[in-house]
Amino acid sequence: MNALASLVQPDRGQSAHAIVPVDKQGLEDWLKSLPPRAKTAAAAQRFAAKPGELAVLPGDGAEDWSVAVGVEKADALGPWCLAKAAESLPEGSYRLEGSPSGALLGWLLAQHRFDRYKKAEIAAGPRVLLTGDAARIDEAVHIAEAVALVRDLVNTPTEDMGPAELQQAVEHVAAAFGATVTATTGDALEDGYPLVHAVGRAAARERSPRLIELEWGNPAHPRVAVIGKGVCFDTGGLDIKPASGMRLMKKDMGGAAHALALAKLIMGARLPVRLHLLIPAVENAISANAIRPGDVLRSRKGLTVEVSNTDAEGRLILADALARAAEESPALMVDFATLTGAARVALGPDLPATFANDDRLAADLLEAGTAEADPLWRMPLWAGYDEMLRSDIADIDNAPEGGMAGSVTAALFLQHFVDAATPWAHLDTFAWRPAAKPGRPKGGEALGLRAAWAMLRTRYAPVSST
């Protein structure tokens, strides 16, 4: 993989091929402006300014060629407008006519590859984009690196990404920023985080469950808790999934990947917050001591939970992590989880179902998602459905029968472990792209990460020292 930081450089007048964005509205005028040779080349390539379409146009010399790129709006480039060009063009330097700041993300991520397990191939050389808006480079690179981190963690098979390896990933990120990492395991986990322990206890010893915590920042600053579901593989437990449902379950730690990437962005930007990252990391395996349907488990908060479905394990481990985060009275809590198939049935793969107990927080997240082309969709914490969580023998049931409003009842379950006075958002994300698009390969994907980051950056932007 090319180092992302090297793929966008300040424009100091270096030699480069021009990239011209063209939309359908401006196509006719653009064609009229071309010299005859270039116009003939565009016609020969049947360039119609469709989004992602490319046409190479000759210049006066052999190396003096340029590229026309079809886009939706030439004067308002989105993050993926140049992704196809970055994937397709030969090695070299390129200069966009106009500001490329809105399209830097796609240019960078189009050149990211997850090739850990593939036979070494001759890699395409770097395509470097020059920009006069140098102040935007660092932010674009940091966001691209965070998205790449999510993709790489989710794409890694469980054999190499169990709870211990997930802890190592957190420690690796923490080391770059001087953050403190602790992991609760063994007897301490069973005593302090009984739901996390119960879900993960059936796994092999080398895949033992744990609660991973990272702390960073000035304790005097507002405390922000970021929580991510870290089910490194989900068999479904004794309520075992069919083979088709288990195929992608390496991605069930996608919430943890999002949470860690968001923590990296927070620390990299030195946001004036006291960051508390929590990742309950388990493998939901099957063995003689696996939790059973009908078991009643005690939670960290003290509530007892009847297990109606062992395949609804993500909400169990999140409950203990949310309870732990709430004990520190944070100013804000955000959790990410690949939690329910019901959210995907309702909204498909691209839209994280977003629940919030605070209208302003919900509005800020949705506004940020729209601005960043990382859309979210708010779903209701409908109090009327809370009765579905009633149990005859425990305080709460983990998975109501019937399957109706599945993503809503899962969010309502989590809400029982959050302080009502604390603004909290829950993002039920897919963390996977089922079909490739320019700059977005099939596989692990960050969905909701950029929206959450933009919201936090707006709320807690560092005060300028000038």
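This one's a predicted model, so the numbers in the text were calculated from it and none came from an experiment.
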Just checking, is any N or O donor in the side chain of [X] or [Y] under 3.5 Å from an acceptor N or O on the other one?
{"X": "His416", "Y": "Asp386", "value": "yes"}
{"X": "Asp419", "Y": "Trp424", "value": "no"}
{"X": "Asn284", "Y": "Thr235", "value": "no"}
{"X": "Glu328", "Y": "His276", "value": "no"}
{"X": "Tyr117", "Y": "Asp160", "value": "yes"}

So, are [X] and [Y] salt-bridged, with charged N and O less than 4.0 Å apart?
{"X": "Arg151", "Y": "Glu445", "result": "yes"}
{"X": "Arg433", "Y": "Asp350", "result": "yes"}
{"X": "Lys241", "Y": "Asp234", "result": "yes"}
{"X": "Arg201", "Y": "Glu190", "result": "no"}
{"X": "Glu139", "Y": "Arg136", "result": "no"}
{"X": "Glu215", "Y": "Arg274", "result": "yes"}
{"X": "Glu283", "Y": "Lys250", "result": "no"}
{"X": "Asp115", "Y": "Lys118", "result": "no"}

Exercise: identify the closest heavy-atom pair between [X] and [Y]:
{"X": "Ile137", "Y": "Gln9", "answer": "CD1-C, 3.8 Å"}
{"X": "Ser308", "Y": "Asp397", "answer": "OG-OD2, 2.6 Å"}
{"X": "Ser99", "Y": "Leu77", "answer": "O-CD1, 4.1 Å"}
{"X": "Ala179", "Y": "Trp216", "answer": "CB-CB, 3.9 Å"}

Residues that Arg459 engages under side-chain hydrogen bond (donor to acceptor under 3.5 Å, both in side chains), provided they are two or more places apart
Asp364
Is the count of non-hydrogen atoms from other residues, nucleotides or ligands lying under 6.0 Å from Glu401 atom CD greater than 12?
no
Do Thr158 side-chain atoms and Cys232 backbone N/O form a donor-acceptor pair below 3.5 Å?
yes
Between Arg210 and Ser208 (side chain of the first, backbone of the second, donor and acceptor by atom type, cut-off under 3.5 Å), is there such a pair?
yes
The criterion is ring pair (Phe, Tyr, Trp, His ring centres under 6.0 Å); which residues satisfy it with Phe417, sequence neighbours excluded?
Phe413
Asp428 and its salt bridge (Lys or Arg N to Asp or Glu O under 4.0 Å) partner, picked from Arg344, Arg315, Arg378:
Arg344
Criterion salt bridge (charged side-chain N to carboxylate O under 4.0 Å, His left out) on Arg360 and Glu367, from CA distance to verdict
CA-CA 10 Å; Arg360 181 192 166 199; Glu367 182 179 349; over 6 Å; no
